[in-house]
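Below is one structure, written out as structure tokens, with a few remarks after it.
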Amino acid sequence: MGRVSSPHPYGLRKYLTMPDGATATFDLFEPLAEHCTGENVTMVICPGIANHSEKQYIRTFVDYAQKNGYRCAVLNHLGALTNIELTSPRMFTYGCTWEFGAMVNYIRKAFPQTQLIVVGFSLGGNIVCKYLGETASNQERVMCCVSVCQGYSASHAQDTFLQWDQLRRVYNFLMADNMKKIILSHRHILFGDGSKANRVLEDTDLSRLYTATSLMQIDDVVMRKFHGYKTVQEYYEAESCIRYLHNIHVPLMLVNSVDDPLVHDSLLTIPKTLAEKKENVLVVLPLHGGHLGFFEGAVLFPEPLTWMDKLIVQYSNAICQWERNKPQCSDVKQAAESDHK
């Protein structure tokens, strides 16, 4: 109910042609106010599974970020928008960073003075953390990264997704059903005769897709094959950000909630352990918030603007202020050290 009256920010849709012929799209939203530091800052945002810039929680966050002086670039996951047809036999996957990387590179070139704040929601959190950890150059001009409600390791999560506590098995079925609809809406390019030369899916995969009742089955039948993984286990291990988190050296805030029905409590040891080892990592773990919920206000009709939205913007503001004041701090420190000598 908190998403009923979400705002409708106005953005421009951008199209990027990928090396394999796929067409990546993202929406660009200009700031509606001056940033608190007066700086040029862009949030590069990766939504959750099968999501895009038109989802209510993305719209709400973008509107709030714009009003706080941030430019926003929101990736539309490949195949997620029903009115944008696929131009190659490939969809978004759990950890493919190609489209997100292309969007970030576009922003770097189009706005050479801008600094970047990287934001990922759910599956998008996995993608942005993996992207930053893949190569050191991906962290250039990145001030900080925020990940919200991701599970960090698909191979560790797969067994928990079949459990019934917190209705996790039901959520799994519902998300799988949604994924099936999206895949089937593109079946002419994914399974059609016209793409036989470079397609990776067979007619038998289509039959198995119809009977799939979980995300793991869909990943095994369809998703892993887009990148040539032999098994779903190999796919999960290669595409999970857990292997890349230790390579991230910019400030990193990892947000989860204890009562998230999709992220089992056992997975939360991953960010906790990381935070103990790396001083740039901050783990935020409230007792309540669900999965990308974090609502405030009345029980039946909460406010569209959530605690999550405020947290990300306030953390980003603090990092921007800290970055701006760093030269002054180092000057003061050097002066104090010279006085001491």
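Just so you know, residue 1 is the first one in the sequence shown, and it goes up from there.
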How close do [X] and [Y] get, heavy atom to heavy atom, and via which atoms?
X      : Y      : value
Ser53  : Asn76  : N-OD1, 2.9 Å
Cys149 : Val263 : O-CG2, 3.9 Å
Met103 : Leu75  : SD-N, 3.6 Å
Asn256 : Pro271 : OD1-CG, 4.4 Å
Val44  : Leu116 : CG1-CD2, 4.4 Å
Asn280 : Ile248 : ND2-O, 3.1 Å

Original post:
Are more than 12 heavy atoms from other residues, nucleotides or ligands located less than 6.0 Å from atom OH of Tyr171?
Top reply: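 Atom OH in Tyr171 is not crowded, with 12 or fewer foreign heavy atoms closer than 6.0 Å.
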Subject >> Residues, nucleotides or ligands: over 12 heavy atoms within 6.0 Å of Glu85 CD >> reply: no
Original post:
Between Ser153 and Ser240, does a side-chain hydrogen bond (donor to acceptor under 3.5 Å, both in side chains) hold up when you go through it step by step?
Top reply: CA-CA 5 Å; Ser153 170; Ser240 293; 4.6 Å; no
Would you say the side-chain atoms of [X] pair up with the backbone N or O of [Y], donor to acceptor, closer than 3.5 Å?
X      : Y      : result
Asp177 : Met175 : no
Asn126 : Leu123 : no
Thr269 : Ser266 : yes
Glu34  : Asn68  : no
Arg141 : Pro112 : yes
Gln66  : Pro9   : no
Gln321 : Asn317 : no
Asn40  : Gln113 : no
Lys67  : Leu32  : no

Going hydrophobic residue to hydrophobic residue with side-chain gaps under 4.5 angstrom, can you get from [X] over to [Y]?
X      : Y      : answer
Tyr57  : Val313 : yes
Phe92  : Met18  : no
Ile183 : Phe173 : yes
Val299 : Phe294 : no
Val283 : Leu274 : yes

Subject >> Residues forming a ring pair (Phe, Tyr, Trp, His ring centres under 6.0 Å) with Tyr64, sequence neighbours excluded >> reply: none
Original post:
Who passes ring pair (Phe, Tyr, Trp, His ring centres under 6.0 Å) against Phe26, sequence neighbours left out?
Top reply: Tyr106
Once you round to the nearest 0.5 Å, how far does [atom1] of [X] lie from [atom2] of [Y]?
X      : Y      : atom1 : atom2 : result
Ser122 : Asp260 : OG    : CG    : 7.5 Å
Cys46  : Ile127 : SG    : CD1   : 4.0 Å
Glu30  : Thr42  : CD    : OG1   : 7.5 Å
Gln150 : Leu292 : CD    : CG    : 11.0 Å
Lys278 : Thr273 : NZ    : OG1   : 13.5 Å
Trp98  : Asp20  : CH2   : CG    : 6.0 Å

Original post:
Do the two ring centres, one from His288 and one from Trp307, sit under 6.0 Å apart?
Top reply: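 No, ring centres 6.0 Å or more apart.
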Subject >> Sub-6.0 Å ring centroid separation between Tyr70 and His35 >> reply: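 Yes, they do, as the ring centres are separated by less than 6.0 Å.
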Regarding [X] and [Y], does a basic nitrogen lie under 4.0 Å from an acidic carboxylate oxygen?
X      : Y      : result
Glu54  : Arg13  : yes
Glu99  : Arg90  : yes
Lys14  : Asp27  : no
Lys225 : Glu202 : no

Original post:
Quick one: which of Ile45, Val118, Asn138 gives a side chain to side chain contact (heavy atoms under 4.5 Å, CB included) with Phe100?
Top reply: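 Output: one option passes, namely Val118.
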Original post:
Pick from Leu305, Val62, Thr60: which one makes a side chain to side chain contact (heavy atoms under 4.5 Å, CB included) with Pro7?
Top reply: Thr60
**OP:** Report yes or no: is the cationic atom of Arg71 (NZ for Lys, CZ for Arg) under 6.0 Å from the centre of the six-membered ring of Phe29, at an angle within 45° of the ring normal?
**Re:** no
Original post:
Passes side-chain hydrogen bond (donor to acceptor under 3.5 Å, both in side chains), Thr82 versus Ser185? Steps please.
Top reply: CA-CA 7 Å; Thr82 54; Ser185 72; over 6 Å; no
Original post:
Is the closest side-chain heavy-atom distance between Phe191 and His186 below 4.5 Å?
Top reply: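 Result no, sub-4.5 Å side-chain heavy-atom pair not found.
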Original post:
Heavy-atom distance under 4.5 Å between the side chains of Cys320 and Val41, does that happen here?
Top reply: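 SC-SC contact between Cys320 and Val41 confirmed.
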**OP:** Show the numbers, then the answer: is there a side-chain hydrogen bond (donor to acceptor under 3.5 Å, both in side chains) between Asp220 and Tyr235?
**Re:** CA-CA 9 Å; Asp220 190 27; Tyr235 166 65; over 6 Å; no
Subject >> Test log, rule salt bridge (Lys or Arg N to Asp or Glu O under 4.0 Å), inputs Asp63 and Arg59 >> reply: CA-CA 6 Å; Asp63 179 73; Arg59 290 185 351 222; over 6 Å; no
Original post:
For Glu140 and Arg108, what are the C-alpha separation, side-chain angles and deciding distance, and is it a salt bridge (Lys or Arg N to Asp or Glu O under 4.0 Å)?
Top reply: CA-CA 10 Å; Glu140 289 177 6; Arg108 284 195 177 112; 5.6 Å; no
Original post:
Can you list the steps and then say if Tyr236 with Asp219 is a side-chain contact (heavy atoms from CB on, under 4.5 Å)?
Top reply: CA-CA 9 Å; Tyr236 285 159; Asp219 288 340; 2.5 Å; yes
**OP:** Carefully, step by step, assess Glu239 and Thr97 under the rule side-chain contact (heavy atoms from CB on, under 4.5 Å).
**Re:** CA-CA 9 Å; Glu239 300 235 329; Thr97 60; over 6 Å; no
Original post:
Are Ile117 and Ile312 close enough, and set up right, to give a side-chain contact (heavy atoms from CB on, under 4.5 Å), and what steps lead you there?
Top reply: CA-CA 10 Å; Ile117 289 176; Ile312 298 171; 5.8 Å; no
**OP:** Go through Tyr131 and Val104 one step at a time and tell me if the side-chain contact (heavy atoms from CB on, under 4.5 Å) criterion holds.
**Re:** CA-CA 10 Å; Tyr131 167 78; Val104 173; 3.5 Å; yes
Original post:
Looking only at side chains, do Asn172 and Ser214 share a donor and an acceptor under 3.5 Å apart?
Top reply: no
**OP:** Could you check Glu134 against Lys130 for salt bridge (Lys or Arg N to Asp or Glu O under 4.0 Å), going step by step and ending with a plain yes or no?
**Re:** CA-CA 6 Å; Glu134 284 175 338; Lys130 182 170 175 282; 2.8 Å; yes
